[in-house]
Amino acid sequence: MNVALRMLALALSIFVLAPGAVTAQQPLKIGLILPMTGPFASTGRQIDATVKLYIEQHGATVAGRKIEVLLRDDTGVAPDTTKRFAQELITNDKVEILAGFGLTPLAFAAAPIATEAKTPMIVMAAATSAIVTKSPYILRTSFTLPQATLGIAEWSAKNGIKKAFTLVTDYAPGLDAEATFKRVFAAGGGSIIGEVMVPLRNPDYAPFIQRVKDSKPDALFVFVPSGEGSAVMKQFAERGLAQAGVKLIGTGDVTDDDILDSMGPPALGTITSFHYSAAHPSPENKAFVAAFAKANNGQRPNFMGVGGYDGMHLIYETLKKTNGATDGDKFLAAAKGMQWVSPRGPVKIEPDTRDITQTIYLRKVETVDGKLYNVEFAEMPAVKDPPPAN
Ligand code: PHB
């Protein structure tokens, strides 16, 4: 190349790179919308803590951009509030990424805003299968109820449970869990002898648990959202279901690490399938649990916390690939197919669905060093969100 051509190439590269380089200097705001108060505040607290932990461990600057998190409390099941926050964060505060979303109705409410603004939306908590179909800019780092339910439904059918009763919270993730449990348990030869749905708002489990006891199933399959497990466990114990020969099984939401130890002896022996246990014996998880405890008065992270931590990992690694650009289409293209070893085990963002593939573990509540934990005893590697049965 002669000198003139070299100069021209240099000039062109400066011209092409300049706009990106300018963007790279600006702080990057992430709008984090979480229930920090109300009945689902534990979800907000967990994710807020792991987002902070991730930034502390990995630095507040990535790909030349300083990360600023703008936290908004949407207070629980208030979809209009979530939607308004998403809109204001984008329009007024100029956030370039939305994240959080503690419950399905809140993720559904924000999805059209992400689509309209072409803003990446990282779902760190909500777990209804259909969420990823609500916007092409959604990426999920939590899990799906069908994915988590497969393991326990197969295990139950193979381990002497012939008659099951289902109890789920009456909203989309509960419907997902119930449908998957019924389909897979029945395919394995089991029969469903009863089903109940409990309201999401102000649930009273007592009358439902009594109905379960009266119909004498071998097992009760439960899905309730994070935070509700203690109330279910209390009724299960008070009404003497274990003594009546009913086994408690479910997805791991019911034996949520955040509240498991406080449930006491009635929780012992509960078998669940799930993607995360604070007792997962990998070096990555041991480091994560220790760092979380250190930063949070000795508390343990739960599955919501790990969803937040991995959400930040996905944001950081994607920004490294885009050189700090957050344009929805570029960001999504770079995020699709990303794989890493999470504290929960190996995970992947499927390029076609933008959903998370991960190991699902079977676990039993046991005492470890004087505290209750979900101890893993079997695993199903690389489980995708299963396609809906028709
Ligand atoms: C949801 O609303 O999608 C949701 C919330 C809490 C859970 C699971 C699913 O534990």
Side-chain angles (χ1 to χ4, degrees), residues 33-36 38-47 50 74-79 81-83 99-111 121-135 138-152 166-181 197-201 203 221-233 250-260 263 270 272-278 301-308 310-311 344 355-356 358 360 363 374 385:
I33 312 179
L34 292 169
M36 299 303 297
F40 303 103
S42 70
T43 296
R45 188 170 37 73
Q46 280 277 341
I47 296 178
T50 54
D74 58 4
T75 72
V77 196
T81 307
T82 311
K83 188 171 185 178
F101 309 102
L103 293 120
T104 291
L106 312 177
F108 282 168
M121 171 171 161
I122 318 298
V123 175
M124 296 170 159
T128 297
S129 180
I131 288 173
V132 288
T133 67
K134 303 295 179 188
S135 168
I138 289 179
L139 295 155
R140 172 157 41 198
T141 58
S142 50
F143 71 108
T144 81
L145 264 311
Q147 178 186 54
T149 303
L150 284 175
I152 190 66
T166 63
L167 181 154
V168 302
T169 303
D170 188 5
Y171 77 131
L175 301 179
D176 267 5
E178 188 195 78
T180 306
F181 186 80
M197 288 199 179
V198 184
L200 176 61
R201 291 179 177 83
F221 168 83
V222 173
F223 162 75
V224 289
S226 180
E228 286 294 313
S230 304
V232 173
M233 204 60 82
T251 55
D253 312 75
V254 73
T255 54
D256 180 351
D257 270 299
D258 201 53
I259 48 177
L260 176 58
M263 294 179 194
T270 305
T272 57
S273 55
F274 221 36
H275 58 291
Y276 182 68
S277 165
N302 73 355
F303 64 102
M304 293 301 188
V306 87
D310 283 332
R344 66 184 100 174
D355 219 336
I356 189 161
Q358 56 195 330
I360 296 297
R363 312 100 49 84
N374 294 293
D385 177 51

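If you read the sequence from its start, that first residue is 1, and numbering goes on from there. When a ligand or atom number is given, it counts from 1 through the structure's own listing order.
Close contacts between ligand 1 and Y171 involve ligand atoms 1 (C), 2 (O), 4 (C), 5 (C) [criterion: under 4.0 Å to a heavy atom]. Close contacts of ligand 1 with G102, meaning ligand atoms under 4.0 Å from a residue heavy atom, involve 5 (C). Counting the atoms of ligand 1 from 1 in the order shown, those under 4.0 Å from a heavy atom of A127 are 1 (C), 3 (O), 9 (C). Annotation for ligand 1: atoms under 4.0 Å from non-hydrogen atoms of S226 are 6 (C), 7 (C), 10 (O). Listed by number with element, the atoms of ligand 1 under 4.0 angstrom from any heavy atom of D253 are 7 (C), 8 (C), 10 (O). Close approach to T104 involves these atoms of ligand 1, each under 4.0 Å from a residue heavy atom: 1 (C), 2 (O), 3 (O). Ligand 1 places these atoms under 4.0 Å from at least one heavy atom of M304: 6 (C), 7 (C), 10 (O). Atoms of ligand 1 found under 4.0 Å from any heavy atom of P173 (numbered from 1 in listed order, with element): 1 (C), 2 (O), 3 (O).
For ligand 1, none of its N or O atoms has an N or O atom of F303 under 3.5 Å away.
At a heavy-atom cutoff of 4.0 Å, ligand 1 is contacted by the side chain of F223 but not by its backbone.
Put simply, NE2 on H275 and CD on Q358 are 5.0 Å apart, with the number rounded to the nearest 0.5 Å.
Contact record, R363 with S277: NH1-CB, 3.7 Å, taken as the closest heavy-atom pair. A pairwise comparison of heavy atoms in S273 and I360 identifies CB-CG2, 4.0 Å as the closest pair.
The residues D258 and R45 are annotated as salt-bridged, a charged nitrogen and a carboxylate oxygen being separated by less than 4.0 angstrom.
Using a 3.5 Å distance cut-off with no hydrogens or angles, the side chains of D176 and S129 do not pair a donor with an acceptor. A donor-acceptor contact closer than 3.5 angstrom links the side chains of T104 and T128. Looking only at atom types and distance, the side chain of D256 has a donor-acceptor partner in the side chain of S226 under 3.5 Å away.
Not a single heavy atom of G227 sits closer than 4.0 Å to an atom of ligand 1. By the 4.0 Å heavy-atom criterion, F40 is excluded from the residues contacting ligand 1.
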(request) Quick one: do T82 and D74 satisfy side chain to side chain donor-acceptor pair (under 3.5 Å)? Show the steps, please. (result) CA-CA 6 Å; T82 311; D74 58 4; 2.9 Å; yes
